[in-house]
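First the proteins, then the strands, lettered A, B, ... as listed; each starts at 1.
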Amino acid sequence: MNIFVCIKQVPDTETKIELKSDNTYIETKDIKWIMNPYDEFALEQALLIKDHYKTGINVIAVRVGATNPSTEVLRTALAMGADEAILVDAKENLPPYPTALALKRAIDKSQKPVDLILAGKQSIDYDNFQVPQMLAQMFEFPSISQIVSFNLTKESAGSKALSDGSFFKVELKREIEGGTIEIYNLELPVCCSCNKGLNVPRYPSLPGIMKAKKKNLITYSLQDLDINDNDKRIEYRNFYHPPEKAPGKKYTYPEGDANKGRVLVEEVFNLLKNEAKVIGK
Amino acid sequence: MNNNILIFTELNHHGEIRDVSKQVLSNLSVVGTDVVVIGKVNSSNQEQLKNLGANKIYAIDDPSNLLANYSPEGFARAISDIIKNNTYKFVFAGLTSKSRDFFPIISATFKSAMISDVTKIDIDGSNLTFARPLFAGKCLANVIPLDNNPKPYLITIRPNSLPVNPSPRVGTGELVNVSLSFNQLRYKVNEIIKSASEKLDLTEAKIIISGGRAMKNAENFKFLHEMANQLGASVGASRAAVDSGYAHHSMQVGQTGKTVSPELYIACGISGAIQHLAGMRTSKYIVAINTDAHAPIFSKADYGIVGDLFQVVPIFTEVLKAKCR
């Protein structure tokens, strides 16, 4: 079984975002890059399957993105346990549609049959929440987004065999608004996007890091995949910071004095009611 | 009249038009819109949609209840059928768990781009451009459609980011019943476990009360729930509280949780890590309760109380009980 895991490289969550002087993008020179946290859940799920079945599971990490200033995340994926990696060198951060198209064509070009696709539910830089569902549609696979549970079982028969002749069923749980859970029972292949809560991603081990250096990493250019500017369809312009808030009012609670405390809280209540007009309407 | 815009409009489980759909409709009424609804459109919905600017109202008739439960495939195909037979330039929806899930499927179906989580629309005649937050709101950017899409751009609008236009241009409100073009689905949900809570999802809540690491344990969140009940608020949590096991991940506000824009956000025992501020900074009003007077959360707060949340929150609940009756 071939499991493709889509991985994006994003700035660390604690990064303070500065803009380029011409406002065409963010300033990237001091950024610490990490694997998109939701993609870690996707990769971990693939590795859990590999750990469980021991043989016959091939995990391929695929990334579309700029190689300057860093390409570390695919090496991290290999060090965590992925078998191979494919990089599409995009020179810049592409919008979701051409990203999904590049992933599709890179996977096709690898000539490996696709049995399962896993991705993070969204990247924490652009937060589009689009690529996994687009990819599902491009492969005509069922699309199940933001899964919190993935329960795979090997079957002796089914309606469609995977590339190696095996049959697998999966029970997927996804959490939607208000905490409601939807459960899907499907046969592979499927394309899932992963949410926090699915598993606890492992750290790369030292032997893993050593082994990763010898693993196969293929690079394609966008030209190799016949993707050009016309596939972008949208353009980002004029990056800007949100307006800063004027300083607010700050009070110190009189510790241990419930009566004075109540007077203070009533004052804040009155401000919320009469000045902000957000409560007691 | 030929409209450029179609709006996927959702009803809540009481059959009423969802607030986020009203926000999208009323803001786009100036350019003329059609609307598509999956499910029954009663006469009061029809009247309301008309007053919010709708011209044609496509009601997707589903006699075999194929779409009674949400289906990514089914919803995408139903809306794609309307798109296929028309010349819309844009298809909008409020950003909900449904539109966020199935709009990208439509996008890939037509090889058309999608722009998610838009917080600002600039209207210049029939040209629309957008702005949306990036890096969880640490910065924003304008997004320009390049007009080379084979079919319409798909756009989702963040809830509570566009105030409802109080005087939208009234539409013609013509009801068009549409039958589904398909009678089976390749895959569908097998079971649904409804959450016990009737509370609004954080992304749509008008008021949110969140707790951080200083909550100390899961049980103490009851203080926030008691206060939330007085305000009709939803309860959220910081990443520190979620990672410590005090709260469920669906409650997490911040860069690896939910990005929220309520009218009022009350942060209790949250210091204000950069990834948390990113997820709630667009709240209209922010109240912070924290023992550390130098906590970064105070720099974003309209009203800050330096104090112990375990003293302040119960008194706040009492004040609300006394004054909000």
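Chain B forms the most heavy-atom pairs under 4.5 Å with one residue out of A:I183, A:N230, A:T180, and that residue is A:I183. Of the listed residues (B:N148, B:T291, B:L140, B:L134), the greatest number of heavy-atom pairs within a distance under 4.5 Å of chain A belongs to B:L140. With respect to chain B, the highest number of heavy-atom pairs below 4.5 Å among A:L186, A:I176, A:L271 belongs to A:L271. The candidate from B:I105, B:T96, B:L202, B:I192 with the greatest count of non-hydrogen atom pairs under 4.5 Å with chain A is B:I105. Per-residue counts of heavy-atom pairs under 4.5 Å with chain A were compared for B:K138, B:H248, B:Q252; the largest is that of B:K138. Counting heavy-atom pairs under 4.5 Å between each of B:R132, B:K188, B:R281, B:K284 and chain A puts B:R132 at the top. Heavy-atom pairs under 4.5 Å with chain B peak, among A:Y240, A:F239, A:Y97, at A:Y240. For the set A:H241, A:M138, A:E14, the entry with the most heavy-atom pairs within less than 4.5 Å of chain B is A:E14. Ranked by heavy-atom pairs under 4.5 Å with chain A, the first of B:E318, B:K98, B:K111 is B:K111. Taking chain B as the reference chain and counting heavy-atom pairs below 4.5 Å, the highest number among A:P247, A:G248, A:A276 is found for A:A276. Each of A:Q146, A:K173, A:R262, A:E244 has some count of heavy-atom pairs under 4.5 Å with chain B, and the biggest count is that of A:R262. Contact count against chain A (heavy-atom pairs under 4.5 Å) is highest for B:T256 among B:T256, B:D117, B:I106.
Contact of B:L231 with chain A is made through the side chain alone, with heavy-atom distances under 4.5 Å. In this structure, chain B has a heavy atom under 4.5 Å from the side chain of A:I26, while its backbone stays farther away. B:L154 does not touch chain A: none of its heavy atoms, backbone or side chain, sits under 4.5 Å away. Residue A:P95 does not touch chain B at all, counting heavy-atom pairs closer than 4.5 Å. Neither the backbone nor the side chain of B:I289 comes within contact range of chain A, judged by heavy atoms closer than 4.5 Å. A:N23 does not touch chain B: none of its heavy atoms, backbone or side chain, sits under 4.5 Å away. Heavy atoms of A:N93 lying under 4.5 Å from chain B are absent altogether. Looking at B:A301, the atoms closer than 4.5 Å to chain A (heavy atoms on both sides) all sit in the backbone: N, CA, C or O. A:E275 touches chain B through backbone and side chain together, each having a heavy atom under 4.5 Å away. Using a 4.5 Å cut-off between heavy atoms, A:L101 does not touch chain B at all. The part of A:P11 that comes within reach of chain B is its side chain, from C-beta onward, which places non-hydrogen atoms under 4.5 angstrom from that chain. For A:E235, the parts sitting under 4.5 Å from any heavy atom of chain B are the backbone and the side chain alike. Residue A:L172: no heavy atom, backbone or side chain, is found under 4.5 Å from chain B. Only the side chain of B:D243 comes within contact range of chain A, judged by heavy atoms closer than 4.5 Å. Looking at A:K16, both its backbone and its side chain come within 4.5 Å of chain B, counting heavy atoms on both sides.
Of residues 117-127 of chain A, those residues lying under 4.5 Å from chain B by any heavy-atom pair are A:I124, A:D125, A:Y126, A:D127.
Looking only at atom types and distance, the side chain of B:Y70 has a donor-acceptor partner in the side chain of B:D101 under 3.5 Å away. Checking A:R174 against A:S145 by side-chain atom types alone, a donor-acceptor pair falls below 3.5 Å. In this structure, a donor-acceptor pair under 3.5 Å is absent between the side chains of A:E44 and A:N199. Side-chain contact check for B:S283 and B:E263: no donor-acceptor pair (N or O, by modelled atom type) lies under 3.5 Å. When only modelled atom types and interatomic distance are considered, A:Q130 and B:S116 share a side-chain donor-acceptor pair under 3.5 Å. Counting only N and O atoms by type, the side chains of A:R237 and B:N142 include no donor and acceptor under 3.5 Å apart. Side-chain N/O atoms of B:T119 and B:S161 include no donor and acceptor closer than 3.5 Å.
To the nearest 0.5 Å, atom NZ of residue A:K232 and atom OG1 of residue A:T99 are 10.5 Å apart. With values rounded to the nearest 0.5 angstrom, A:Y184 atom OH is found 12.5 Å from B:E191 atom CD.
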Checking salt bridge (Lys or Arg N to Asp or Glu O under 4.0 Å) for the pair A:K249/B:D302: CA distance, chi angles, key distance, verdict? CA-CA 6 Å; A:K249 298 185 171 115; B:D302 300 278; over 6 Å; no

Between B:R18 and B:E10, does a salt bridge (Lys or Arg N to Asp or Glu O under 4.0 Å) hold up when you go through it step by step? CA-CA 6 Å; B:R18 282 178 76 151; B:E10 280 184 63; 3.2 Å; yes

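Here the side chains of B:T129 and B:V143 are not in contact, with every heavy-atom distance at 4.5 Å or above. Counting heavy atoms from C-beta outward, B:D308 and A:E255 have side chains that stay 4.5 Å or more apart. Side-chain contact check for B:K300 versus B:F298: every heavy-atom pair is 4.5 Å or farther apart.
For B:E73 and B:R186, the salt-bridge test passes: some basic side-chain N is under 4.0 Å from an acidic carboxylate O. A salt bridge links B:K258 with B:D201: the closest approach of a Lys/Arg side-chain nitrogen to an acidic carboxylate oxygen falls below 4.0 angstrom. Salt bridge annotation for A:K8-A:D39: absent, with no cationic side-chain nitrogen under 4.0 angstrom from a carboxylate oxygen.
In this structure a side-chain-to-backbone donor-acceptor pair under 3.5 Å is present from A:K277 to A:N274.
In A:K20, the NZ atom is crowded: over 12 heavy atoms of neighbouring residues, nucleotides or ligands sit closer than 6.0 Å.
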